Amino acid sequence: MANKILPVKGTREFYPEQMALRNFIYAKVRAAAQGFGYQEYDGPFIEPLDLYAAKSGEELVKKQSFTFEDRGGDFVTLRPELTPSLARMIAAKQGELNFPVRWWSFGPFWRYEQPQKGRSREFFQWNVDMLGVNSPEADAELIAVGATFLRSVGLSPERALIYVNNRRLMDAEFDALGILSEKRLDVSNLVDRRTKMEPAKWDAYALELGLTQSQLDGLKDMLANFELWQKSDELTRLFAALEALGVKEYVQFDPNIMRGLLYYTGTVFEAFDTSGSLKRAIFGGGRYDNLLADVGGNPISGVGFAMGDVVIGIILQEKGLVPEFMPTPADVLVTVFDESLWMKSFELSTQLRNAGIAAMVFPEPAKLPKQFKFADKMKIKIALTIGPDEAANDSVAVKNLGTGEQVTVKREAVVDTVKALMN
RNA sequence: GAGCCUGUAGCUCAAUGGCAGAGCGCUACACUGUGGCUGUAGAUGUUGAGGGUUCGAGACCCUUCAGGCUCCCCA
């Protein structure tokens, strides 16, 4: 135990098995986004603190970001989110981009939070955004990208759902209840906390915020009304589009979904695992109308969502939806019979690689049982051996480790034999 | 930033304040041209770290680190 230096709190080390999961998630988000024609992009990993100070709340900048002074005296921060960078990138090329812009990204982010299940300080996040179109149909497309991802990893609508609400609808309802605009933030917060508080305490908290009893009753009626969406033209169009996009079974209206973000102005949505132990959102997003103005661009409406890799990774593992881990990408193991035949094995491996077959040579002339055991543990399905007999005949012993069958073939037939076994 | 719980072999976990253990895994051999199955034998370790109480601490106390559960927050 010479090395006692531990990883930084809240970071994860990606051993090959964890790396395989990360790459699995990456492959699935990539396929989902690109299937809808989205382009991959990325921003810087460190940004000026001011980029976030402009738009984000005090909580983020002062308490939940990795911020430091660089050697030149500038305050920089490890990016806690991508949207401000996206807004700046869009604003900078506003005149030359071909709108609507459909972009996606998957990269690392940092937030100085208390690590616990489903939350680390260093994580990967999938971001998908469409800018330049303001319509419920565009909102539906983003939700469809998310739903397509859920479907592609085997999370059926019985296991995961996307709950949808609309800020404008809620504002209209708040108006009808006579809840003033300066109380909206408090009331949104109140709605957000409803599932976390006991009903009696929640009622008391509502009255504490200055709601009248009749407003509270009205609010509760509203939050229990799952047909409320029919009053919203936007949501009616949204659900029609979701049906045509083939993902309607994943989506439900829920008036309790608010989302903490201040910049959402229309549709908001959040995906949850409905069958597991983890109560955290899988992904969430919505429509924002005013983001670009803050970084010097002309106002452009956008819609997007983000998904962290931590929660979805736990869910996929708990449900057994992660493909079997393959310890090595090698298709075959070439054994080394003894020292005199070592170079024969190297030559054979080169022949295989030239034919597009991933081949690993055992690193030393060890006992054959040891070499086969190694192949077994590495889950390699094919083992090739050149012993004295094979060397004399210019042939190779090809063993199928799945069935135990072994054949001896001429060197020139090895590639075809191996390829046949791989299928 | 606050509260509570946990930390023992590679893994999962035992051990009234009294010799640190089991299962799985690992290594070797049975088996000197072939893995899985079986049998036999073997190795595990600064009990997260540091300090204290005690004749004696894995256990009790303090500090610290890490993880988990909440609050907060979730951009």
Side-chain angles (χ1 to χ4, degrees), chain A residues 1-2 4-13 15 47 51-65 77 79-87 109-121 123 125 127 188-189 192-193 196-197 201 258-264 268 270 277-286 288 291 294 304-308 310-311 314 333-338 341 362 365-391 396-408:
Chain A
M1 301 301 170
K4 282 188 175 177
I5 298 175
L6 298 169
V8 172
K9 180 172 183 165
T11 61
R12 293 167 294 165
E13 295 177 306
Y15 287 82
E47 288 277 17
L51 180 67
Y52 306 99
K55 186 66 202 173
S56 313
E58 300 251 309
E59 182 76 17
L60 164 65
V61 177
K62 290 192 177 161
K63 290 173 68 181
Q64 295 196 295
S65 62
T77 184
R79 62 181 188 182
E81 58 163 332
L82 188 59
T83 307
S85 306
L86 168 66
F109 294 86
W110 296 264
R111 291 181 195 173
Y112 198 84
E113 296 185 286
Q114 215 40 247
Q116 47 190 267
K117 194 176 187 184
R119 179 190 287 171
S120 57
R121 289 184 172 176
F123 55 95
Q125 190 166 275
N127 283 267
S188 296
N189 211 339
D192 253 351
R193 297 177 64 169
K196 292 179 184 170
M197 294 175 74
K201 283 189 179 173
M258 293 300 290
R259 306 269 312 145
L261 260 180
L262 299 180
Y263 56 62
Y264 288 126
V268 289
E270 222 162 34
S277 61
L278 212 53
K279 296 300 174 214
R280 297 185 185 281
I282 299 173
F283 61 74
Y288 47 86
L291 213 52
D294 294 310
F305 69 88
M307 178 185 81
V310 183
V311 170
I314 291 170
L333 176 77
V334 181
T335 62
V336 178
F337 190 87
D338 61 28
L341 292 164
F362 200 83
K367 290 176 180 175
L368 281 180
K370 187 173 180 181
Q371 299 191 41
F372 275 80
K373 199 166 195 169
F374 178 78
D376 199 49
K377 284 188 183 162
M378 296 300 265
K379 293 181 178 166
I380 297 174
K381 295 287 185 289
I382 301 165
L384 306 189
T385 304
I386 299 179
D389 298 346
E390 288 81 9
V396 179
V398 180
K399 181 161 186 176
N400 180 340
L401 294 175
T403 64
E405 288 168 26
Q406 179 169 310
V407 294
T408 301

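Protein chains get the first letters and strands the later ones, always in sequence-line order, with residue 1 at the start of each. All values reported here derive from a predicted model rather than from experimental measurement. These numbers come from the heavy atoms of this one structure, side chains and all, not from hydrogens, waters or symmetry mates.
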Would you say that [X] contacts [Y] through its side chain, given a criterion of any heavy-atom pair below 4.5 Å between the two side chains?
X: A/S85; Y: A/E47; answer: yes
X: A/I314; Y: A/K117; answer: yes
X: A/Y112; Y: A/T77; answer: no
X: A/P115; Y: A/K9; answer: yes
X: A/V310; Y: A/R12; answer: yes

Under 3.5 Å for both donor-acceptor distances, Watson-Crick or wobble: does [N] have a partner, and if so which one?
N: B/rC60; value: B/rG52
N: B/rU8; value: none
N: B/rA2; value: B/rU70
N: B/rG42; value: B/rC26
N: B/rA15; value: none
N: B/rG36; value: none

I need the [atom1]-[atom2] distance between [X] and [N], as an integer number of Å.
X: A/Q116; N: B/rA2; atom1: CD; atom2: P; value: 15 Å
X: A/K117; N: B/rC4; atom1: NZ; atom2: P; value: 23 Å
X: A/R12; N: B/rG67; atom1: CZ; atom2: P; value: 12 Å
X: A/R121; N: B/rC65; atom1: CZ; atom2: P; value: 11 Å
X: A/Q114; N: B/rA66; atom1: CD; atom2: C1'; value: 11 Å
X: A/N189; N: B/rC74; atom1: CG; atom2: C1'; value: 12 Å

Can you tell me, in whole Å, how much space there is between the [atom1] of [N] and that of [M]?
N: B/rG25; M: B/rU44; atom1: C1'; result: 12 Å
N: B/rU47; M: B/rG7; atom1: P; result: 15 Å
N: B/rG36; M: B/rC31; atom1: P; result: 14 Å
N: B/rG17; M: B/rC73; atom1: C1'; result: 44 Å
N: B/rC13; M: B/rA20; atom1: P; result: 24 Å
N: B/rC60; M: B/rU6; atom1: P; result: 9 Å
N: B/rG50; M: B/rC55; atom1: C1'; result: 24 Å
N: B/rG58; M: B/rC4; atom1: C1'; result: 22 Å

Touch class at under 4.0 angstrom, heavy-atom based, for A/E113 against every strand present: base
A/Q371 side chain vs A/V336 backbone, donor-acceptor pair below 3.5 Å: yes
Main-chain N/O of A/V396 paired with A/T408 side-chain donor or acceptor, under 3.5 Å: no
Selection from B/rC71, B/rA66, B/rC74 that lies nearest to any side-chain heavy atom of A/K9: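 The listed nucleotide nearest to A/K9's side chain is B/rA66.
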Single hit among A/L368, A/D389, A/I386 for side chain to side chain contact (heavy atoms under 4.5 Å, CB included) with A/F337: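 When side chain to side chain contact (heavy atoms under 4.5 Å, CB included) is applied between A/F337 and each of A/L368, A/D389, A/I386, only A/L368 qualifies.
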Plane angle bin for A/Y288 and A/Y264 - parallel if under 30°, tilted between 30 and 60°, otherwise perpendicular: tilted
Residue mapping more 5' on RNA chain B - nearest nucleotide basis, A/G10 or A/W110: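 Of the two residues, A/G10 wins.
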Nucleotides 27-39 of chain B: protein proximity per nucleotide (B base, S sugar-phosphate only, - neither; heavy atom, under 4.0 Å): S-S---BBBB---
Polar side-chain contact A/R193-B/rC72 base: donor and acceptor under 3.5 Å: no
